[in-house]
Structures are given as C-alpha cells and as structure tokens.
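So the structure is just underneath, and the comments pick up after that.
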Amino acid sequence: MNSAFDHPSLVVRDEVRDALEGARPVVSLETTIVVHGLPHPQNLEVAAQCEAAVRAAGAVPATIGVLDGRVVVGLTIDELDALAEPTRDSTKLSARDLGLAVGLVRDGATTVAGTIAVAHRVGIDVMATGGLGGVHRDAAYTFDESNDLTTLSRTPVLVVASGVKSILDVGATLERLDTLGVPVVGYRTVRFPGFYRADSGFRLDWSVGSAAEAAAAFAAHRHFSPTGWLLANPVGAEDELDGDLHDAALANALAHAAATGATGKAVTPVLLAEFARFSAGASVTTNRALVVANAALAGEVSVALAALRR
Ligand code: PSU
Ligand code: MN
C-alpha cells in the first residue's frame with residue numbers, strides 16, 4: 001500500500017504496518033536512551049515498560065533502530081538486547097547518520113532526531129523520549145547544539161518529553177525552539193519541566209489539559225506549519241530527584257565532562273552516566289519513571305489523533 005514500506009533497507013514490522021494502514025494509533029520510541037543513555041539491565045526493562053505503557057493506552061509501540069544496515073520500525077526486545085550488547089558497539093545515530101548506517105551496513109541506535117526522521121517517513125506522528133536534546137551550556141564557544149532541535153523544526157512529529165535534559169542551557173534551548181518555530185506546550189502545567197526535576201524555572205506560553213486538547217491543537221498546527229511539537233510532561237512529584245542532590249550531581253557531571261574532554265556524540269552519554277554514578281542510581285530511577293510516563297501520554301495523544309482522523 002505505502003511504497004515507503006517497500007524499500008529493502010526499511011523494515012516495518014507487521015503489527016506496526018497493519019496499524020498504520022488502518023489509521024490506528026502508533027507511537028515511535030527511540031533507542032539511544034536504551035543503548036547510550038541508561039545502564040544495563042535497567043535499559044531493557046525501561047524499553048519493555050515503555051512499550052507496555054503505549055499498549056495500555058491503546059496504541060502500538062514502534063521502537064526504531066538500525067540492525068545490520070536495516071532501519072527497523074518495531075524492534076523486538078531480543079533485537080534491542082542485541083543492539084545494546086556492548087561488544088556490538090552500536091553507533092548513536094542522529095538524522096544525518098541514517099543513510100550512512102544503512103549504506104555502510106552498520107548497527108545503530110537512533111536519537112530523537114534519528115527516530116522522528118524515520119517515524120515521519122513511515123507515517124507515525126507521535127514519539128516519546130525522556131528529555132529532548134538541546135543547547136549545551138558551553139555552546140557559545142563549542143557550538144554544541146543537538147540536532148534534535150533542527151530536525152524537530154522540519155519534521156511534523158509530536159514529541160513527548162520531560163522538557164530538555166537539565167545538563168543543558170535550558171533558557172537558550174527554549175529561545176532556539178522559539179527561533180525554529182517549534183511549539184513548546186506544557187501538559188497540565190505552565191512551568192517548563194526540568195527533566196529530573198518537575199520545574200526548570202522557566203514559564204511556558206501554552207499548556208493543554210488533556211491528550212485530546214493536545215491532539216486537536218497539534219492537528220491544527222500541522223495545517224499552518226511544517227514543524228513538530230514538544231509536549232512537555234513534568235516528572236511526577238513522587239519521582240523527582242531531590243533538588244540539592246540534583247544540583248550537586250549536575251555540577252559534578254559538568255566538571256567531569258570538561259575534565260575528560262568529551263566532545264560530539266559522547267557529551268550527553270558521559271554527562272548522564274556521571275549523573276547516575278554521583279547520585280548512586282537515583283537519577284536512573286527518576287529517568288525511568290519519567291520516560292515510561294511520557295510513553296503512556298504519547299499513547300493517549302496518539303489515540304486522540306487517530307480519533308480525529310476518523
Ligand atoms: N532522553 C533520555 N536519555 C537519553 C536521551 C533522551 O532520558 O539518553 C537521548 C535522546 O536520544 C536524545 C539524545 O536525542 O539523548 C540527545 O543527544 P545529543 O545531546 O548528543 O544530541
Ligand atoms: Mn551535541
């Protein structure tokens with residue numbers, strides 16, 4: 001039916017294909033958080049919990065990654081396990097890397113940017129992650145700004161995230177999203193979430209009170225703009241990282257990254273891993289809770305969008 005499904009390097013698994021062809025709800029999930037963002041074995045547990053949360057909301061999960069040069073939409077847990085196996089040395093794939101991973105027959109985990117590029121290609125309009133990438137704190141001289149922002153500005157996919165990672169310059173990231181024309185919408189809040197913390201200290205212009213409101217506004221947005229959306233869902237109060245622990249872990253992680261001289265793709269994984277080490281796993285517990293909650297909300301929004309199509 002859809003010729004996009006028939007490319008030899010693009011494998012859309014039957015359940016996902018059937019749902020898309022039937023205009024039923026599908027939520028895409030990324031793999032960088034699994035392969036490069038969370039420690040083993042929690043990473044696979046989180047992936048399974050995210051898929052279960054999407055299903056509980058009534059949508060089909062489509063976890064996306066590149067295995068042996070094939071872009072798979074709907075990875076199984078066994079395939080995810082293989083992708084996350086350290087000896088496999090899976091590459092972190094942003095949007096610009098996809099063609100190279102396919103052409104050079106590599107394995108790779110997709111970032112938000114890589115995931116939404118594939119999702120849009122096959123007709124999936126909702127995605128869930130933990131925290132969007134953004135403008136790094138030293139961007140004024142490193143120019144380190146996640147491709148998540150530019151790809152979201154030209155890819156009409158609604159991304160549910162708990163704001164942007166608190167390791168970033170949150171204010172600069174919000175300004176960049178404004179410049180790029182990407183709506184940032186609080187879910188039942190006008191405070192921009194702070195990833196491990198519910199409130200980053202920044203106020204938002206817009207919020208929605210339900211998945212149905214989010215779906216209605218995103219559907220309308222797509223008539224007027226080619227960009228995606230950031231639906232910002234704060235971590236629950238019971239799962240937040242303690243404020244003082246957060247600030248101490250952040251200062252330590254930033255100093256560690258500077259001392260190790262991490263650059264490029266390595267920066268975010270190094271910061272997250274050091275955050276986890278310093279907080280004795282507390283940041284991982286928070287990260288798990290928020291990404292699963294985001295998958296659940298993405299499922300609800302996807303169901304509401306599918307209802308609008310009918
Ligand atoms: N959210 C998390 N953990 C992660 C990420 C998001 O809770 O590891 C990943 C996403 O794949 C996102 C990437 O696209 O971090 C950003 O990486 P960079 O800063 O290198 O663009
Ligand atoms: Mn970067």
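When a ligand or atom number is given, it counts from 1 through the structure's own listing order. Everything numeric in this text was worked out from a predicted model, so none of it was measured.
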Looking at D239, N233, T129, N294, which one forms a side chain to side chain donor-acceptor pair (under 3.5 Å) with S162? N294

I'd like to know whether ligand 1 has N287 as a neighbour, heavy-atom separation below 4.0 Å. yes

For atom 1 (N) of ligand 1, closest protein heavy-atom neighbour: G131 N, 3.0 Å

Could I get the full list of side-chain contact (heavy atoms from CB on, under 4.5 Å) partners for E79, not counting sequence neighbours? R13, L67, V72, L75, T76

Give the cluster check for F218 versus V208: same hydrophobic cluster or not, with ILVMFWY residues linked at side-chain heavy-atom distances below 4.5 Å. yes

Counting only N and O atoms by type, is there a donor-acceptor contact under 3.5 Å from the side chain of T173 to the main-chain atoms of D169? yes

When you measure from atom 21 (O) of ligand 1 to every protein heavy atom, which one gives the shortest distance, and what is it? S146 OG, 2.6 Å

Honestly, for T111 the part within reach of ligand 1 (heavy atoms, under 4.0 Å) is both

Note: ligand 1 atoms sitting under 4.0 Å from heavy atoms of L272 are 3 (N), 4 (C), 8 (O)

Where is the nearest protein heavy atom to atom 19 (O) of ligand 1: which residue, which atom, and how far? T268 OG1, 2.6 Å

Quick one: CG on L254 to CG on D138, what's the gap to the nearest 0.5 Å? 8.5 Å

Is the backbone of E213 close enough, under 3.5 Å, to the side chain of S210 for a donor and an acceptor to pair up by distance? yes

Between L38 and ligand 1, which residue portion shows a heavy-atom distance shorter than 4.0 Å: side chain, backbone, both, or neither? neither

So if I count the atoms of ligand 1 from 1 in the order they appear, which ones are less than 4.0 Å from some heavy atom of F195? 7 (O)

May I ask which of H36, K165, R288, K92 has a heavy atom nearer to atom 20 (O) of ligand 1 than the others do? K92

Does a side chain donor of either S166 or H246 reach within less than 3.5 Å of an acceptor in the other side chain? yes

Heavy-atom nearest neighbour in the protein, as seen from atom 10 (C) of ligand 1, with distance rounded to 0.1 Å: E30 OE2, 3.1 Å

H36 side chain to A266 main-chain N or O, any donor-acceptor pair under 3.5 Å? no

So, E240 side chain and A198 main chain: donor-acceptor pair closer than 3.5 Å or not? yes

For T129, the atoms of ligand 1 under 4.0 Å from one of its heavy atoms are 1 (N), 6 (C)

Donor-acceptor contact below 3.5 Å, side chain T155 vs main chain L152: no

Scan side-chain atoms only and decide if R288 and Q42 contain a donor-acceptor pair under the 3.5 Å cut-off. no

Is there a polar contact between ligand 1 and L290, counting only N or O atoms under 3.5 Å apart? no

What is the closest protein heavy atom to atom 2 (C) of ligand 1, and at what distance does it sit? I33 CD1, 3.4 Å

Atoms of ligand 1 close to G37 [distance to a heavy atom under 4.0 angstrom, numbered from 1]: 8 (O)

Just to be sure I understand the site: which N, O or S atoms from the protein are less than 2.8 Å away from the Mn ion (ligand 2)? D144 OD1

Give the residue, atom name and distance (to 0.1 Å) of the protein heavy atom nearest atom 12 (C) of ligand 1. D148 OD2, 3.4 Å

Answer with yes or no whether the side chains of T227 and H221 bring together a donor and an acceptor at under 3.5 Å. yes

At a 4.0 Å threshold, what atoms of ligand 1 neighbour a non-hydrogen atom of H136? 19 (O)

For the residue pair T110 / T31, report whether a side-chain donor-acceptor contact shorter than 3.5 Å exists. yes

Salt bridge flag under 4.0 Å for residues D97 and R106: no

